[in-house]
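Scope of the values below: all heavy atoms of this structure, side chains included, with no hydrogens, waters or symmetry mates. Keep in mind it's a predicted model, so treat the numbers as computed, not measured. The chain is numbered in sequence order, starting from 1.
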Amino acid sequence: MKEKILNAEYFDPYSTLSCGQTFRWFAEGDGWIVISGDRACFIEKKDHHVFLKFSEDDEEYFCRYFDLERSYSEIVHRACTHKASFLAKAVGEGRGIRILNQDPEEMIFTFLLSQNNNIPRIRSMVEKLCEALGRECFFEGKKYFSFPSAQRIAEKNADFFREMGFGYRADYIAKTAKKMADTDSQDLHKLATSALREKLCTFAGIGPKVADCILLFGFHRTDVFPVDTWIEKVYRDEFGGQEKDRNKISAYFTSMFQEDSGYIQQYLFYAKREGKL
């Protein structure tokens, strides 16, 4: 095992993990075990430092996963230049959130399961999928299952997922898996954000909001602004907005925040959900 020690000023593991961008993490002692694909690491925060432990071969992977090469101090500074006291407060509360670099395939299936769902149930459904179709792995003697590939998921039909309790999402999972199995994810990476959103929306069950979540958390496209109930509250309460169409609300924010939209969305989402705004 290898350990990396980081300054915690712009990295808070709990707020990063709990803000709805990933669902495969579990409390372990004073920290958390985080699973991505078929890899796992341990992370904890002590005083002003973050301790990250991983396999010798996984250093590059988890440095990228936690976006450690990016200067979040610059992002925070730009966000605070907008003349709104509540925005500065939100940034202050959420400045430790980092946008994770996650596998696009994993995000596509994860956010299909997230629709009209709560976080505990999403986590449970994701684990069911991994236990049923993933590969058995171990980290520090603890067993977990890898996230299955689209090809593996495509081997099963909708009834299989329906029996797992996925409800109407079972059809989405089965149909999208078959389409993803024939899609080169590298081709998706080459698309501009608007074209990629349009492409994602051709997959069963993916609408604009889910597409924006996948764009942000699976492709690190920070020029998007996913709009859910909490962001609608922010829009009405803090920005005085009257629009009801979520696509137009999203466009309102992306026109304002441009390439920083995804980061600021997370700051506002986190602060509003935690009762800080």
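Counting only residues at least two apart or on different chains, the ring-ring contact (aromatic ring centres under 6.0 Å, His included) pairs with a member in residues 173-193 are H189-F219. For residues 191-204, the salt bridge (charged side-chain N to carboxylate O under 4.0 Å, His left out) pairs, not counting sequence neighbours, are R197-D212. Within the structure, ring-ring contact (aromatic ring centres under 6.0 Å, His included) contacts touching residues 165-184 (residues at least two apart or in different chains) are Y168-Y172. Within the structure, the ring-ring contact (aromatic ring centres under 6.0 Å, His included) test picks out the following pairs touching residues 84-105 (sequence neighbours left out): F86-F239.
The pair E127-R24 meets the salt-bridge criterion, since a charged nitrogen lies less than 4.0 angstrom from a carboxylate oxygen. Salt bridge annotation for E155-R152: present, with a cationic side-chain nitrogen under 4.0 angstrom from a carboxylate oxygen. Electrostatic pairing of D228 and R246 does not count as a salt bridge here, judged by no charged N lying under 4.0 Å from a carboxylate O. A salt bridge is absent between K53 and E44: the closest approach of a Lys/Arg side-chain nitrogen to an acidic carboxylate oxygen does not fall below 4.0 angstrom.
Using a 4.5 Å heavy-atom cutoff, the side chains of I173 and L113 are in contact. Looking at E243 and Y252, their side chains never come closer than 4.5 Å, going by heavy atoms from C-beta outward. Counting only heavy atoms from C-beta outward, the side chains of T22 and L17 approach each other to under 4.5 Å. Counting only heavy atoms from C-beta outward, the side chains of Q265 and V227 never approach each other to under 4.5 Å.
Residues meeting the side chain to side chain donor-acceptor pair (under 3.5 Å) test with Y144, sequence neighbours left out: none. Residues satisfying the side chain to side chain donor-acceptor pair (under 3.5 Å) criterion with R78, sequence neighbours excluded, are D260.
Using modelled atom types, one finds a donor on one side chain and an acceptor on the other under 3.5 Å when comparing D67 with Y72.
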